[in-house]
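What you are looking at is a predicted structure, and each value in this text was computed from that prediction instead of being measured. Here is the naming used below: chain letters follow the sequence lines, and residue numbers restart at 1 for every chain.
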2 protein chains.
Amino acid sequence: MIRKIDRTERRSDALSRERIIAAAIEILDTGGEGALTVRALAAHLATGSGAIYWHVVDKNELLAAAADAVIARVMSDVAGGAKPREAIRAVAIGVFDAIDAHPWVGAQLFREPGRPATLDIIEGIGRQLRVLGVAKVAQFDTVSALVHYILGVAGQNAANARLVAPGTDRSAFLSSVAAQWTALDPARYPFVRQMASQLRDHDDRAQFLAGVDLILAGIDSAR
Amino acid sequence: MIRKIDRTERRSDALSRERIIAAAIEILDTGGEGALTVRALAAHLATGSGAIYWHVVDKNELLAAAADAVIARVMSDVAGGAKPREAIRAVAIGVFDAIDAHPWVGAQLFREPGRPATLDIIEGIGRQLRVLGVAKVAQFDTVSALVHYILGVAGQNAANARLVAPGTDRSAFLSSVAAQWTALDPARYPFVRQMASQLRDHDDRAQFLAGVDLILAGIDSAR
DNA sequence: CAATCTATTGGAACAGCGTTCCATTCATGT
DNA sequence: ACATGAATGGAACGCTGTTCCAATAGATTG
């Protein structure tokens with residue numbers, strides 16, 4: 001807690017929690033979740049594992065801190081004072097885009113609820129619900145629905161990102177999934193098969209927003 | 001593919017993919033996700049790891065198959081021909097309860113999209129949307145919203161289940177989380193702090209259904 | 001300036017994991 | 001009775017997160 005207060009730093013290349021988190025984010029972004037090992041991190045920082053563990057308690061904590069950092073940046077970016085509906089859409093899209101850019105954040109948000117990242121999202125959306133005039137008794141259920149939806153898409157997107165072979169492009173991937181869907185048993189999966197054609201050229205981001213709008217419409221109709 | 005066709009089984013205690021999956025489910029239910037190791041599984045089945053890998057390609061595949069088995073049972077249970085709204089609620093609640101009983105399924109559903117388990121859920125809900133009269137162009141977005149919401153709650157519930165120390169009961173856990181929320185900075189988290197009191201004695205299942213109803217209301221208003 | 005002392009470092013060592021390998025066993029078809 | 005190939009079980013491999021600890025660096029003290 002009182003570390004480093006009024007003390008000139010020891011050397012310019014000194015380790016610090018911040019530098020470690022930044023390095024972790026870089027590795028995660030470059031190589032995905034699997035690439036973040038303590039050894040890789042140590043090599044990246046030109047140090048040993050013991051030095052890292054002096055600044056960071058756990059690999060879990062490190063991942064959580066990295067995700068918190070990414071989400072905190074997003075939430076401060078969208079803080080502007082737009083109309084409540086637009087503000088909610090902005091928060092949602094901000095989280096969506098952040099996870100699109102850093103799929104590991106999606107998996108992490110999921111694994112550890114109740115952390116700053118999740119709280120920031122709840123807060124950002126909840127405030128707007130008050131402005132929107134959602135009844136007090138309904139606010140908790142409503143924010144819960146929106147946040148769970150956002151996190152659901154987040155996690156699923158992250159999982160998909162993990163599935164796509166690094167080389168292949170998006171439309172090739174979608175086509176192959178659509179082909180699989182089409183090959184399903186027509187008796188058992190009539191609906192899924194019918195969706196296959198729409199899957200091929202749908203836009204994840206637009207579909208995500210359509211879901212947000214659907215929930216917002218539900219909120220309106222309940223008022 | 002043609003294994004074991006018209007062949008008497010070799011011995012009564014023979015291994016099989018099915019027995020391995022059943023044992024895995026038992027271990028997962030008893031000890032949680034962390035308890036399923038290949039060694040533990042081998043010990044449970046009184047065999048070696050090599051024998052297991054003869055029947056199962058991967059630990060991932062094993063987990064996926066276990067989750068598929070649990071979800072398939074749920075989906076066949078709720079297959080009944082109720083009215084579409086009720087059928088959708090039944091599917092949702094079925095998945096919710098299954099994940100409440102087997103938290104590891106929640107995590108797994110999440111990690112590997114496009115597997116039978118997820119397809120079953122999409123199919124089960126999608127069919128009802130057609131019956132409900134959702135416009136063809138909107139069906140994909142709508143089923144996506146519902147499924148992502150369900151999976152979002154699923155994953156989050158699973159994560160929470162992992163957080164609750166095995167001994168503690170639910171209300172004690174909720175109280176402690178509520179206390180943490182109350183202790184947050186009032187300037188930064190006014191909304192979250194206000195939710196704390198509702199958190200303490202809310203019902204996850206009811207809240208989940210409220211979310212489903214919110215989305216259903218959104219669907220209605222768009223028709 | 002020399003001595004001391006503590007915060008920090010880097011790498012060796014440990015236990016446990018998923019997976020592979022392979023000599024051995026078993027039930028069958030000839 | 002023999003040969004064959006499916007099935008077994010356990011040793012071994014490479015990797016992981018984490019702990020431990022002797023060595024160091026830089027501020028503080030005498």
Side-chain angles (χ1 to χ4, degrees), chain A residues 1-25 27-28 31-67 104 107-108 111-112 162, chain B residues 1-25 27-28 31-67 104 107-108 111-112 162:
Chain A
M1 278 311 156
I2 44 171
R3 294 196 312 104
K4 281 216 178 150
I5 280 185
D6 76 355
R7 183 183 298 185
T8 62
E9 51 218 73
R10 318 194 68 160
R11 30 187 245 214
S12 60
D13 68 330
L15 274 181
S16 70
R17 196 179 146 84
E18 289 68 34
R19 281 201 38 195
I20 293 175
I21 292 176
I25 292 181
I27 293 177
L28 287 164
E33 233 168 318
L36 182 65
T37 67
V38 178
R39 281 164 181 78
L41 190 56
H44 196 90
L45 291 163
T47 180
S49 31
I52 290 174
Y53 275 89
W54 204 88
H55 296 275
V56 157
V57 13
D58 233 12
K59 197 194 163 185
N60 276 350
E61 195 228 7
L62 178 58
L63 255 162
W104 55 273
Q108 181 53 31
R111 216 162 309 154
E112 306 229 7
R162 220 177 309 124
Chain B
M1 279 308 159
I2 43 168
R3 294 196 313 103
K4 280 215 180 151
I5 279 185
D6 77 353
R7 184 183 298 187
T8 62
E9 52 217 71
R10 317 194 68 160
R11 30 187 244 215
S12 61
D13 67 330
L15 273 180
S16 69
R17 197 181 146 83
E18 288 68 34
R19 281 200 38 191
I20 293 176
I21 293 176
I25 292 181
I27 293 177
L28 287 163
E33 232 166 319
L36 182 66
T37 68
V38 178
R39 281 163 181 78
L41 191 55
H44 196 90
L45 290 163
T47 181
S49 31
I52 290 175
Y53 276 90
W54 174 259
H55 295 275
V56 157
V57 15
D58 232 12
K59 197 195 164 185
N60 275 350
E61 195 227 7
L62 178 59
L63 255 162
W104 54 273
Q108 181 53 31
R111 217 162 307 152
E112 304 229 7
R162 219 177 309 126

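When the side-chain nitrogen and oxygen atoms of A:His55 are compared with OP1 and OP2 of C:dA7, none of them lie within a distance under 4.0 Å. Taking only side-chain nitrogens and oxygens, B:Trp54 never comes nearer than 4.0 Å to OP1 or OP2 of D:dT8.
Between D:dT8, D:dT18, C:dT9, one nucleotide has an atom nearer to the side chain of B:Ala14 than all others, and that is D:dT8. Side chain of A:Leu15, nearest nucleotide from C:dG18, D:dT18, C:dT9: C:dT9. Out of D:dC13, C:dT20, C:dT9, the shortest distance to the side chain of B:Arg39 is found at D:dC13. When each of C:dT19, D:dT8, D:dT19 is scored by its nearest atom to the side-chain atoms of B:Ala51, the top-ranked nucleotide is D:dT8. The nucleotide whose nearest atom lies closest to any side-chain atom of B:Asp58 is, among C:dT19, D:dG17, D:dT8, C:dT19.
As judged by a 4.0 angstrom heavy-atom cut-off over every strand, B:Leu36 is placed among residues touching the sugar-phosphate backbone only. When heavy atoms are screened at a 4.0 angstrom cut-off, B:Leu41 is found touching no nucleic acid atom at all. Nucleic acid contact for B:Ala40: none, since no nucleic acid atom lies under 4.0 Å from a heavy atom of the residue.
Here the CD1 atom belonging to B:Ile20 is positioned 5.0 Å from the NE2 atom belonging to B:His55, to the nearest 0.5 angstrom. For the atom pair A:Trp104 CH2 and A:Leu36 CG, the distance stands at 9.0 Å (nearest 0.5 Å). For the atom pair CD1 (B:Ile52) and CG (B:Leu62), the distance works out to 8.0 Å, reported to the nearest 0.5 Å.
In this structure, the CD atom of B:Glu18 is 12 Å from the P atom of D:dA7, given to the nearest Å. With rounding to whole Å, A:Ile52 atom CD1 is found 13 Å from D:dT16 atom P. In this structure, B:Ile27 atom CD1 and C:dG18 atom C1' are separated by 15 Å, rounded to whole Å. The interatomic distance linking A:Glu33 (CD) with D:dG17 (P) rounds to 12 Å, in whole Å. In this entry the distance linking OH of B:Tyr53 with P of C:dG18 reads 7 Å, nearest Å.
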Derivation of the side chain to side chain contact (heavy atoms under 4.5 Å, CB included) call for B:Leu28 and B:Leu63: CA-CA 9 Å; B:Leu28 287 163; B:Leu63 255 162; 4.1 Å; yes
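The existence of a salt bridge linking A:Glu33 and A:Arg111 is confirmed by a sub-4.0 Å separation between a basic side-chain nitrogen and an acidic carboxylate oxygen.
With DNA chain C read from its 5' end, the first of the two nearest nucleotides for B:Lys59 and B:Gly50 is the one closest to B:Lys59.
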